[in-house]
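Every chain is numbered from 1 and lettered A, B, ... according to where its sequence line falls, protein lines coming before strand lines.
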Amino acid sequence: MIVRNKALYYLRIIATITIVMIGFFPVFWLVNSSFKPFNLLTNGKVLVPISQMNFDGYKSALTNSSFWIYVKNSIIVGVISTFCTVLLSLAGAYSLARMKFKGRRFISSCILFIYMVPPVLLAIPIYLWMYKLGLLNTRAAVIFGHIAKSLPFAIWMMKGFFAGLPVDIEDAAKIDGCNLMQIIGKIILPLSGNGIVSVATYTIIGSWNDYIMSYMLITKSKYQTVPVGLSLMFDSAEFMDVTGVMATSIIASVPVIIFFFCLQKYLVKGVAAGSVKE
Amino acid sequence: MKKMTMEKRYSLYGVLLLLPSLTALAFFMFKPLLDSIIMSFKEINFFSGEPEKFIGFDNFRWLFKSEWFVPDLIRTFFISIVVTVVQVILAIMIALLIDFEFKGQKFWRGILVVPWAIPVFVASLMWKWLYSGTMSPFSKFLVSIGLIEPGESILGGEHALFALIISLIWHGFPFIFLVIYSGLQQVPQTLIESAVIDGANSFQVSCKITIPYIRKIIATAVVLRFVFQFNQFPFIHLLTGGGPLNRTETLAIAAMKQGVSSFQYGRASAITTTMFLVLVIAFAIYYRIAGREDLD
């Protein structure tokens, strides 16, 4: 939008900040409440007077050993499933975007339809499958589930990236006699840095936040991930340690939020690229 | 191998390269999908350990005859449509508003995105508290306008669905905003500038140039969001569990109820298969009407 005069300019800034703050308010309230001593929780006021700030909630969160187990599991699952998803989507998207072979159009069109598969639908057969394989209550099962959830969108995003890369470079390389491996290693990979980061960001955030796969596949606390773990903690702490639960939730959210802040540029590029059609 | 033409060789490479990831895709997506569809034709009681029985369309007959099926279906559609429309319109408005240079623009944009970054569990818990009668800073206000009794939660009353929809809009908004905003970045400045020279004001530029230019991205956002919301499970499950009295129950929640509470995996699969079919049909119709712009 074009801005014509200074008054409008500042008005626009104020409007923007106001809207953002309204949207942010629930989070602000949560963070604030986590610092409240227990007796002030129900006073219906938002701000905490600095003198009464109370770190009990955070103390109990940080000393809660099961919480750190959940964090460890979430990290392991997140890193491995992201790595696999990036590799698989790179290979799949490149073939779909560049190679000509029968059935290519069909599979391309299928990708969007695959996205329509409800995660709920996937969860039950994956559960039974893992049960038969004896993999229930393992991190491997959750990794599997996360890849299943993220792969279609990842391929879609990556394909959009490849569609945006000019083919001329690859054609020139082909004419110069490069074989496929060289093209991939020396040209595609360096150029798809953006795409890889986008897919990785999307996958790891999805994995960290995933609830349904962990919910269905893991019942033993030892292997549980953060989202379901938090709900377990909440159930057992219900009326006693509300600030503790708040503090734990905030700590659990912090990595993702930081990730987001730093990498939002790539997410934006990723979705934009995915929406571009040739 | 050397006798093949370059094109044929690359075609072979294509298949070879695609094979592992296609196998993986098949494993991760097609197999569970197929399994699910097959299971919807069987009677499976996981708890009792009885052998699976093939019962044809009985699960579907049970489903379509259940008195909760049509209300749930309508409700799921309703929630999805409202959330999608509101999020997209808000996203367009706010993206247009915020798309200009000022100090700290990136920072405020980042804050806008926070609701989506917050894990589902935290977000639903937060809204539970915000809607409660006791801890919420809004409770006094809401009691005074007669919406709830003191001490009660909105989620226990007749406005639970409305409250749920607001939370859903809040939580998912940033993603749609990012999609639209990134689309805005692709609008060529020259186009806007020439319109300004021709005398258009900001509003006209937005309506007649910017928005039409990004309509493909808007359509993508609508499709993505509708599908995602239709299939959404965790947030609703954690916020209301489908209650009170099933007033916020969606098909996804009904399916999980069958699976997790009753162990009737056959019936649960029938529900999820139906959900998938409904989406596929809905979008087949959508693409027929809107033209096949979005498909490859």
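Ranked by heavy-atom pairs under 4.5 Å with chain B, the list Val254(A), Ile13(A), Val226(A), Ile126(A) is led by Ile13(A). Of the listed residues Leu122(A), Ile17(A), Ile250(A), Val228(A), the one with more heavy-atom pairs under 4.5 angstrom with chain B than any other is Ile17(A). The candidate from Val280(B), Val120(B), Asp35(B) with the greatest count of non-hydrogen atom pairs under 4.5 Å with chain A is Val280(B). Interface summary for chain B: among Ala252(A), Pro119(A), Pro26(A), Ala123(A), the most heavy-atom pairs under 4.5 angstrom belong to Pro26(A). Contact count against chain B (heavy-atom pairs under 4.5 Å) is highest for Trp129(A) among Trp129(A), Phe24(A), Tyr131(A).
With a 4.5 Å cut-off on non-hydrogen atoms, Leu128(A) touches chain B through its side chain but not through its backbone. Proximity to chain A (any heavy atom under 4.5 Å) is restricted, for Trp170(B), to the side chain, taken from C-beta onward. Residue contact with chain A, scored on non-hydrogen atoms closer than 4.5 Å, involves the backbone and the side chain of Phe107(B) alike. Both the backbone and the side chain of Met126(B) come within less than 4.5 Å of a heavy atom of chain A. With a 4.5 Å cut-off on non-hydrogen atoms, Phe144(A) touches chain B through its backbone and its side chain both. Contact annotation for Gln189(B): neither backbone nor side-chain heavy atoms come within less than 4.5 Å of a heavy atom of chain A. Of the atoms belonging to Ile257(A), heavy atoms from both backbone and side chain fall under 4.5 Å from chain B. Interface remark: Leu125(B) contributes side-chain atoms only to the contact with chain A (heavy atom separation under 4.5 Å).
Rounded to the nearest 0.5 angstrom, Leu133(A) CG and Met130(A) CE are separated by 6.0 Å.
Ring-plane geometry between Tyr211(A) and His237(B) is classed as tilted, the angle between the planes lying from 30 to 60 degrees on a 0 to 90 degree scale. Aromatic ring orientation, Phe28(A) versus Phe25(A): tilted (interplanar angle from 30° to 60°).
Remark: Arg12(A) is positioned above the aromatic ring of Phe100(B), its terminal NZ or CZ atom under 6.0 angstrom from the ring centre and at most 45 degrees off the axis.
Under the 6.0 Å cut-off for aromatic ring centres, Phe153(A) and Tyr202(A) qualify, their centroids lying closer than that. Between Phe173(B) and Phe175(B), the ring centre distance reaches or exceeds 6.0 Å.
When only modelled atom types and interatomic distance are considered, Ser214(A) and Thr225(A) share a side-chain donor-acceptor pair under 3.5 Å.
A donor-acceptor pair under 3.5 Å is absent between the side-chain atoms of Gln229(B) and the main chain of Gln232(B), judged by distance alone.
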